[in-house]
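Because the structure is predicted, anything quoted here is derived from the model rather than measured.
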Amino acid sequence: RKIFIGILILCIISFTIGILYMLFLNKDGKHIVFDTLKNYFTNLDKLSYKHELFINLKNNIFLAVIMWFFGISLFGVIFELLYLIIKSFTLGFSLCSLIYTFKLKGIYIGLIYLIPSIINLCIYIVLGFFAFNFSIYLFKYLFKNKDYNLRLLLKKYLKLLVVSVILLITSSLIETF
């Protein structure tokens, strides 16, 4: 529970820093963000949805599998935490950028556009939490001679990966269409 709350607090702080970063960005930086977002939303009709779906599926599933494997390795958890920090920062920056670019309409666009990213972040937070816990169990088993049923823990951890991948596929479909 403490680990989950710690991860959640880290993500909230990172999200807030992402918002603040956009707010304190200089005029040229804000102009670049403004132009990039306007250009992206103007050219949405030119996107290949099949290609976007393939990219989203590949990236999301790859990240889930990598995060899962990081949980099996004792030192990979550090990279998971870094990824969650970066993902939270990006989400905060994106939301603030959309509001800056599209004003009041940006809140609506931001919520609709970022729902899949929010879902993904929640999935990655849960996956990261269980990976962190699995690493702790593995460390205690290997180095402190604690007796755990690793086969059962690994089975549950594998089920979590399968559920995460199914949710990420759903999220990718929402994100693409």
Is it the case that over 12 heavy atoms from other parts of the model lie below 6.0 angstrom from the [atom1] atom of [X]?
| X | atom1 | answer |
| --- | --- | --- |
| Tyr49 | OH | yes |
| Phe54 | CZ | no |
| Phe102 | CZ | yes |
| Tyr148 | OH | yes |
| Ile112 | CD1 | yes |
| Asp147 | CG | no |

Side-chain donor/acceptor of [X] to backbone N/O of [Y], under 3.5 Å:
| X | Y | answer |
| --- | --- | --- |
| Trp68 | Tyr157 | yes |
| Ser14 | Leu10 | no |
| Ser135 | Gly71 | yes |
| Lys103 | Tyr100 | yes |
| Lys30 | Leu23 | yes |
| Asn26 | Gly29 | yes |

Between atom [atom1] of [X] and atom [atom2] of [Y], what is the distance when rounded to the nearest 0.5 Å?
| X | Y | atom1 | atom2 | value |
| --- | --- | --- | --- | --- |
| Phe15 | Leu20 | CZ | CG | 10.5 Å |
| Ser94 | Leu98 | OG | CG | 6.5 Å |
| Ile166 | Leu161 | CD1 | CG | 10.0 Å |
| Ile32 | Lys27 | CD1 | NZ | 13.5 Å |
| Cys11 | Leu81 | SG | CG | 8.5 Å |
| Leu57 | Leu173 | CG | CG | 6.5 Å |

Between [X] and [Y], which heavy-atom pair has the shortest distance, and what is it?
| X | Y | value |
| --- | --- | --- |
| Ala64 | Val165 | CB-CG2, 4.4 Å |
| Glu80 | Leu127 | OE1-O, 4.2 Å |
| Leu138 | Ile72 | CD2-O, 2.9 Å |
| Ile7 | Ile125 | CG2-CG2, 4.0 Å |

Assess the residue pair Leu167 and Asn120 against the criterion (side chain to side chain contact (heavy atoms under 4.5 Å, CB included)); give the C-alpha distance rounded to whole Å, side-chain angles, the decisive distance to 0.1 Å, and a yes or no.
CA-CA 8 Å; Leu167 291 172; Asn120 290 353; over 6 Å; no
Going by the angle between their ring planes, with limits at 30° and 60°, are Tyr21 and Phe93 parallel, tilted or perpendicular?
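If you compare the ring of Tyr21 with that of Phe93, the planes turn out tilted.
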Tell me whether the rings of Phe34 and His31 are parallel (<30°), tilted (30 to 60°) or perpendicular (>60°).
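The rings of Phe34 and His31 lie parallel, inter-plane angle below 30°.
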side-chain hydrogen bond (donor to acceptor under 3.5 Å, both in side chains) partner of Ser172, chosen from Asn59, Asn60, Asn56
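Looking at Asn59, Asn60, Asn56, the match for Ser172 under the side-chain hydrogen bond (donor to acceptor under 3.5 Å, both in side chains) is Asn60.
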Side chain proximity check, Phe41 to Ile109, heavy atoms < 4.5 angstrom:
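They are in contact (side-chain heavy atoms under 4.5 Å apart), so the answer is yes.
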Are the side chains of Met22 and Ile99 in touch, meaning some heavy atoms are under 4.5 Å apart?
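Result no, sub-4.5 Å side-chain heavy-atom pair not found.
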Run through Phe130, Tyr83, Phe132, Phe70 and flag the one making a ring pair (Phe, Tyr, Trp, His ring centres under 6.0 Å) with Tyr124.
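For Tyr124, the ring pair (Phe, Tyr, Trp, His ring centres under 6.0 Å) test succeeds with only one of Phe130, Tyr83, Phe132, Phe70, which is Tyr83.
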With no hydrogens and no angle check, do the side chains of Asn39 and Asp35 hold a donor and an acceptor under 3.5 Å apart?
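Asn39 vs Asp35: no donor-acceptor pair found between side chains.
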Tell me if the aromatic rings of Phe4 and Phe129 count as close, with their centers under 6.0 Å from one another.
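Yes, close enough.
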